[in-house]
Novice: 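Mind looking over this structure? Questions follow.
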There are 2 protein chains.
Amino acid sequence: MLSKKTKYGLKALSFLASQKDKKPVQIAEIASHENISQKFLESILLSLRKTGFLGSKKGKGGGYYLLKNADEILMTDVMRVLEGPIAMVPCVSLNFYEKCDDCPDENTCAVNKLMLKVRDANLSVYRHNTLADLIIT
Amino acid sequence: MLSKKTKYGLKALSFLASQKDKKPVQIAEIASHENISQKFLESILLSLRKTGFLGSKKGKGGGYYLLKNADEILMTDVMRVLEGPIAMVPCVSLNFYEKCDDCPDENTCAVNKLMLKVRDANLSVYRHNTLADLIIT
DNA sequence: AATTACCCTATTGATTTAATAGAGTAAACA
DNA sequence: TGTTTACTCTATTAAATCAATAGGGTAATT
């Protein structure tokens, strides 16, 4: 299951990408437009800022805005920040590899073999989609 | 993340599929060979029996065995029983569809659009792999 | 009849998730 | 310069899910 955090994060990014200009948008406006708990959204936007996707401006007329063009924001990067590893098991993860403690040999592991294919399929989707591809004009 | 239930279930199925004949294998033997808590494995095998993947035999010489050939067991079916819906959000699920209560319109939803592609990619993997494909001789 | 091994229910501890509360801080504008 | 606005941060909590454990019950085989 996709976490609410990821879901809300994607919706917020899409909303920002659909703005005409790159003027800051207030948290409250994003939250109400996308039906998201404002406080929860705050923490999500904060993590997107800390990872370089968003910029923020304080004070009157402040808010959040995209730091790059939507078509330069890859879904692989967004998903890794919001949802974590793309792989379903650590032993097939590119960025978060870990050996399974219960598995004697990855080369003969049925789970490993299947999850490797699943990972590749998912990666392929995320690599070929940018934030711009999610916007429906 | 893949749940332990699914992981263990896949390992147990693979172990059964790798047997020379279709004689019943005891829970204890599967558990020790695959490093799985025996009691936990019991409940998993039980659910696989109730969903028609396994047969069981009681008494001495009893155990679990595959009801079909490994190449007739599709990963889509196995995954749906063990892990649940393949889709990451209910609004793109084929077998477990549900409308998102926070989303006014699926047709313009960025999350929906992306997760539809992800679902198709995953389905494609699971549909083209059977239990036989997981076995490394 | 005794043994073996499956079958079932209930409970628990740990972890994660989603949300809430409340105080703090920095920037803009009059 | 002071006030408003809106982002920033920490802590807490309620709920849900996951993984495992315990223990007794039942059915089939020898």
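Convention: sequence-line order gives letters A, B, ...; per-chain numbering from 1.
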Novice: What residues, two or more places apart in sequence or in another chain, satisfy side chain to side chain donor-acceptor pair (under 3.5 Å) together with B:S14?
Specialist: none

Novice: Does anything in residues 91-105 of chain A come within less than 4.0 Å of DNA chain C? Heavy atoms only, and list the residues if so.
Specialist: none

Novice: Tell me every residue that passes side chain to side chain donor-acceptor pair (under 3.5 Å) with A:T76, counting only those two or more places apart in sequence or in another chain.
Specialist: none

Novice: Just the rounded figure in Å: distance from P of C:dA5 to CG of B:L41.
Specialist: 15 Å

Novice: Only pairs under 3.5 Å count here: list side-chain donor-acceptor contacts from residues 87-94 of chain B, not counting sequence neighbours, and write none if there are none.
Specialist:
unit_1: B:S93; atom_1: OG; unit_2: B:F96; atom_2: N; d: 2.9

Novice: Heavy atoms within less than 4.0 Å of DNA chain C: which residues of residues 9-35 of chain B have one? Give them sorted by number.
Specialist: B:Q26, B:I27

Novice: Using a heavy-atom cut-off of under 4.0 Å over every strand shown, decide if A:K50 touches base, sugar-phosphate, or nothing.
Specialist: sugar-phosphate

Novice: What residues, two or more places apart in sequence or in another chain, satisfy side chain to side chain donor-acceptor pair (under 3.5 Å) together with B:Y97?
Specialist: B:E106

Novice: Figure out the OH/C1' separation between B:Y65 and C:dC6, and round it to whole Å.
Specialist: 12 Å

Novice: Between which nucleotides of DNA chain D, read 5' to 3', does contact with chain A run, using atoms under 4.0 Å from its heavy atoms?
Specialist: D:dT5 to D:dC9

Novice: Starting from A:V81, can I reach A:L67 by hopping between I/L/V/M/F/W/Y residues whose side chains sit under 4.5 Å apart?
Specialist: no

Novice: Just jot down the side chain to side chain donor-acceptor pair (under 3.5 Å) partners of B:N129, sequence neighbours excluded, or say none.
Specialist: A:K117

Novice: Just wondering, more than 12 heavy atoms not from A:K23 lying within 6.0 Å of its NZ?
Specialist: no

Novice: Could you list the residues that satisfy side chain to side chain contact (heavy atoms under 4.5 Å, CB included) with A:I73, not counting sequence neighbours?
Specialist: A:F53, A:L66, A:K68, A:V78, A:L131

Novice: Can you list every ring pair (Phe, Tyr, Trp, His ring centres under 6.0 Å) pair that touches residues 118-137 of chain A, not counting sequence neighbours?
Specialist: none

Novice: Considering residues, nucleotides and ligands other than A:K60, do more than 12 of their heavy atoms fall under 6.0 Å from its NZ?
Specialist: no

Novice: Report all side-chain donor-acceptor pairs from residues 28-41 of chain B shorter than 3.5 Å, counting only partners two or more places apart or in another chain.
Specialist:
unit_1: B:S32; atom_1: OG; unit_2: B:E29; atom_2: O; d: 3.4
unit_1: B:N35; atom_1: ND2; unit_2: A:D102; atom_2: O; d: 3.1
unit_1: B:S37; atom_1: OG; unit_2: B:F40; atom_2: N; d: 3.3

Novice: So, the side chain of B:S124 versus the backbone of B:D120: is there a donor-acceptor pair under 3.5 Å, distance only?
Specialist: no

Novice: I'd like to know if the side chain of A:E72 pairs up with that of A:T130 as donor and acceptor (distance under 3.5 Å, no hydrogens or angles considered).
Specialist: no

Novice: Scan nucleotides 18-30 of chain C nucleotide by nucleotide, 5' to 3', and note B when protein non-hydrogen atoms come under 4.0 Å of the base, S if they reach only the sugar-phosphate, - if neither.
Specialist: SSBBBB--SBS--

